[in-house]
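Counting from 1, the numbers follow the sequence of the chain as shown. Note that the structure is predicted; figures quoted are calculated from it, not measured.
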Amino acid sequence: MEKLKRPVFLKAGTDDFFKKMRLEVNETVLKNSSLYMTNIIKSLGLLIVFFLFYACILVFGNHTSLLFVFYILSGITMIVLFINAFHDAAHGALFKKSGNNECFLYVLELFGSNHWLWMRRHIGLHHAFTNVQDWDIDIKQSDIIRIFPNSPLYNYHKYQHIYMWLIYPFYSLNWIYIRDFKDFFGKKNNYVKKIVDKIPREEIYRLFAAKIINLVYLLFIPMFFLNQPWYLVLGAWLAMHMSGSIVGVVALVSTHVDEDAHFPDTDENGNLSDTWAMHQMVVTKDFSTESKLANFLYGGFTHHVAHHLFPNVGHTYYPHITPIIRRYAAEYNLPYTSYPFYHAVRSHFRMLKNKGTKENIMMTGEI
């Protein structure tokens, strides 16, 4: 595909707010080692809980109601584990030693994903060029949904605020069994190949191995050992993915893609108009930061501004960093938004409705 010029941020000046903010965070919040241990205990605990629920599927799964209950609990735990533990490990923020983070990420393969690919997508593209068209792969995933202002508008997009309610529950299935293969082997709109010249052969083998192992232990083993019709086990397995996806999508739609979202453009030379830190403040939002339940479930997503400014810091530190961000936002007149998750979700679907109409494009002068 055509090589685009890699976006370049404006160089920070001597009075850049982030230099002062980073110094304060380093000298205060990051000195609290107990938050580091809390993150490790939580992450390992979630991993244990997932496999306990899986064991319960095999032990109690002959009771149909319990079969569905424990599959659903496994799905929710899977997504919470991904959002918290694996997400932090990918950023090198779970353990102090990079080798320990790398080893922990190999556990992600048991869930059907490929951590090498995910790190290129999430860190190399989303974090590097958040909300930038033709670069942020986490925003632009499929022509089924239109989010970027300059993306092609198709007739069916006028209904996207309706049909995405039905598609989002299949997010994890799409990730594991469609999106990974598209990013490894696809040629159309393959953002990963903008930053990777050649995919290592061992990662291709690992990709297929992860999918097979995941299907074997989560679907085929229960089908074989349980005295249940195959279609009931398949239905429970689908319920696992759907319940987990519903929980996960709340985080995905609440932080970058609401009706007030910004999608900065580059000039003909690939230059962006803001510094890296200012860009993150403009394109990122928090949600439900005061909710203990939301903070436990969603980790670095509730305090997402802190995560984008300090991606290599564990999510257990973010509730202590966010008040500092708010203070600097007020002092430097920086954009900062935080709202309840239900407002964020509602705003996302209003954005989908707006982006699906030709009238919106004409009104905003985007064509």
Side-chain angles (χ1 to χ4, degrees), residues 9-10 12-36 38-39 42 83-84 87-88 91 93 126-132 136 138-139 250-264 272-348 350-351:
F9 292 100
L10 188 67
T14 55
D15 191 41
D16 181 59
F17 77 93
F18 185 61
K19 293 179 180 179
K20 299 177 182 179
M21 181 191 294
R22 182 171 53 193
L23 181 63
E24 181 175 346
V25 169
N26 288 339
E27 292 181 347
T28 55
V29 178
L30 299 189
K31 292 186 179 296
N32 188 344
S33 59
S34 65
L35 297 173
Y36 169 74
T38 299
N39 194 9
K42 176 183 177 181
I83 288 173
N84 288 267
H87 185 227
D88 274 8
H91 284 280
H126 171 64
H127 269 271
F129 312 112
T130 313
N131 280 32
V132 178
D136 189 347
D138 281 358
I139 304 299
V250 171
L252 298 173
V253 306
S254 300
T255 51
H256 299 291
V257 286
D258 66 343
E259 58 193 321
D260 299 316
H262 293 272
F263 303 98
L272 290 160
S273 59
D274 286 321
T275 64
W276 173 83
M278 176 60 82
H279 179 90
Q280 303 304 328
M281 295 287 292
V282 169
V283 301
T284 311
K285 295 178 175 68
D286 289 347
F287 72 96
S288 299
T289 56
E290 305 304 319
S291 169
K292 291 183 179 180
L293 177 61
N295 285 332
F296 178 83
L297 292 176
Y298 293 111
F301 283 80
T302 49
H303 297 266
H304 212 55
V305 177
H307 172 58
H308 269 260
L309 290 175
F310 300 93
N312 302 120
V313 172
H315 74 270
T316 47
Y317 288 89
Y318 293 153
H320 305 274
I321 295 175
T322 294
I324 298 174
I325 293 173
R326 288 173 176 160
R327 175 158 47 82
Y328 274 80
E331 179 181 346
Y332 284 83
N333 194 28
L334 305 172
Y336 173 80
T337 301
S338 178
Y339 39 31
F341 83 92
Y342 55 85
H343 175 92
V345 172
R346 188 170 62 230
S347 182
H348 171 73
R350 283 199 294 258
M351 180 276 296

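Counting only distance, with no hydrogens or angles, the side chain of Y317 and the backbone of N32 share a donor-acceptor pair below 3.5 Å. Within the 3.5 Å criterion, the main-chain N or O of V305 finds no donor-acceptor partner in the side chain of T284. Under a 3.5 Å cut-off, the side chain of N295 and the backbone N or O of S291 do form a donor-acceptor pair. Between the D286 side chain and the H304 main chain, a donor and an acceptor come within less than 3.5 Å of each other. In this structure a side-chain-to-backbone donor-acceptor pair under 3.5 Å is present from S347 to E259. Judged by distance alone, the side chain of S288 and the main-chain N or O of F341 form a donor-acceptor pair under 3.5 Å.
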(request) Could you go through the ring pair (Phe, Tyr, Trp, His ring centres under 6.0 Å) check for Y318 and F301 one step at a time? (result) CA-CA 10 Å; Y318 293 153; F301 283 80; 10.0 Å; no

(message) Does N84 form a side-chain hydrogen bond (donor to acceptor under 3.5 Å, both in side chains) with H315? I'd like the steps, not just the answer.
(response) CA-CA 7 Å; N84 288 267; H315 74 270; 3.2 Å; yes

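For the ring-ring contact (aromatic ring centres under 6.0 Å, His included) test, residues two or more places apart in sequence or in another chain that qualify with F263 are F148.
In this pair, H87 and H91 present their aromatic rings perpendicular. The plane angle is above 60°, beyond the 30 to 60° band. In this structure, H308 and H126 have perpendicular ring planes: the angle between them is above 60°, well past the 30° mark. Taking the six-membered ring where the residue is Trp, F9 and H279 present perpendicular rings, their angle passing 60° and hence far from 30°.
Considering NE2 of H256 and CG of D138, their distance stands at 8.0 Å, rounded to 0.5 Å. With values rounded to the nearest 0.5 angstrom, D16 atom CG is found 10.0 Å from W276 atom CH2. From T337, atom OG1 reaches atom CE of M281 across 9.0 Å, with rounding to the nearest 0.5 Å. Summarising the geometry, atom CG belonging to L297 is positioned 14.5 Å from atom NZ belonging to K292; distances are rounded to the nearest 0.5 Å. Going from atom CG of L309 over to atom NE2 of H303 covers 13.5 Å, rounded to the nearest 0.5 Å. Atom CE of M21 sits about 6.0 Å away from atom CZ of F310, to the nearest 0.5 Å.
In terms of heavy atoms, N26 sits closest to L30 at OD1-CD1, 3.1 Å. Taking all atoms of both residues into account, the shortest heavy-atom contact from T275 to A12 is CG2-CA, 3.8 Å. For the residue pair H320 and V29, the shortest heavy atom distance occurs at O-CG2, 3.6 Å. In terms of heavy atoms, T302 sits closest to G299 at OG1-O, 3.2 Å. Listed here is the closest heavy atom pair of D88 and G314: OD2-CA, 3.6 Å. Closest non-hydrogen pair, T316 versus P319, comes out as O-CD, 3.6 Å.
Between R327 and E24, at least one side-chain nitrogen of the basic residue sits less than 4.0 Å from a carboxylate oxygen of the acidic one, meeting the salt-bridge criterion.
In this structure, K42 forms a cation-pi arrangement with F296, its terminal cationic atom sitting closer than 6.0 Å to the ring centre and no more than 45° off the ring axis.
Between S254 and V345, the closest side-chain pair of non-hydrogen atoms falls below 4.5 Å. Looking at heavy atoms from C-beta onward, T28 lies in side-chain contact with I324 at the 4.5 angstrom threshold. L10 is not listed as a side-chain neighbour of D274, based on a closest heavy-atom distance of 4.5 Å or more. Taking the side chain as every heavy atom from C-beta outward, S338 and R326 approach each other to under 4.5 Å.
Aromatic rings from Y298 and F287 are positioned such that their centres are separated by under 6.0 Å.
The one candidate from V283, T130, N131 that meets the side-chain contact (heavy atoms from CB on, under 4.5 Å) condition with I139 is N131.
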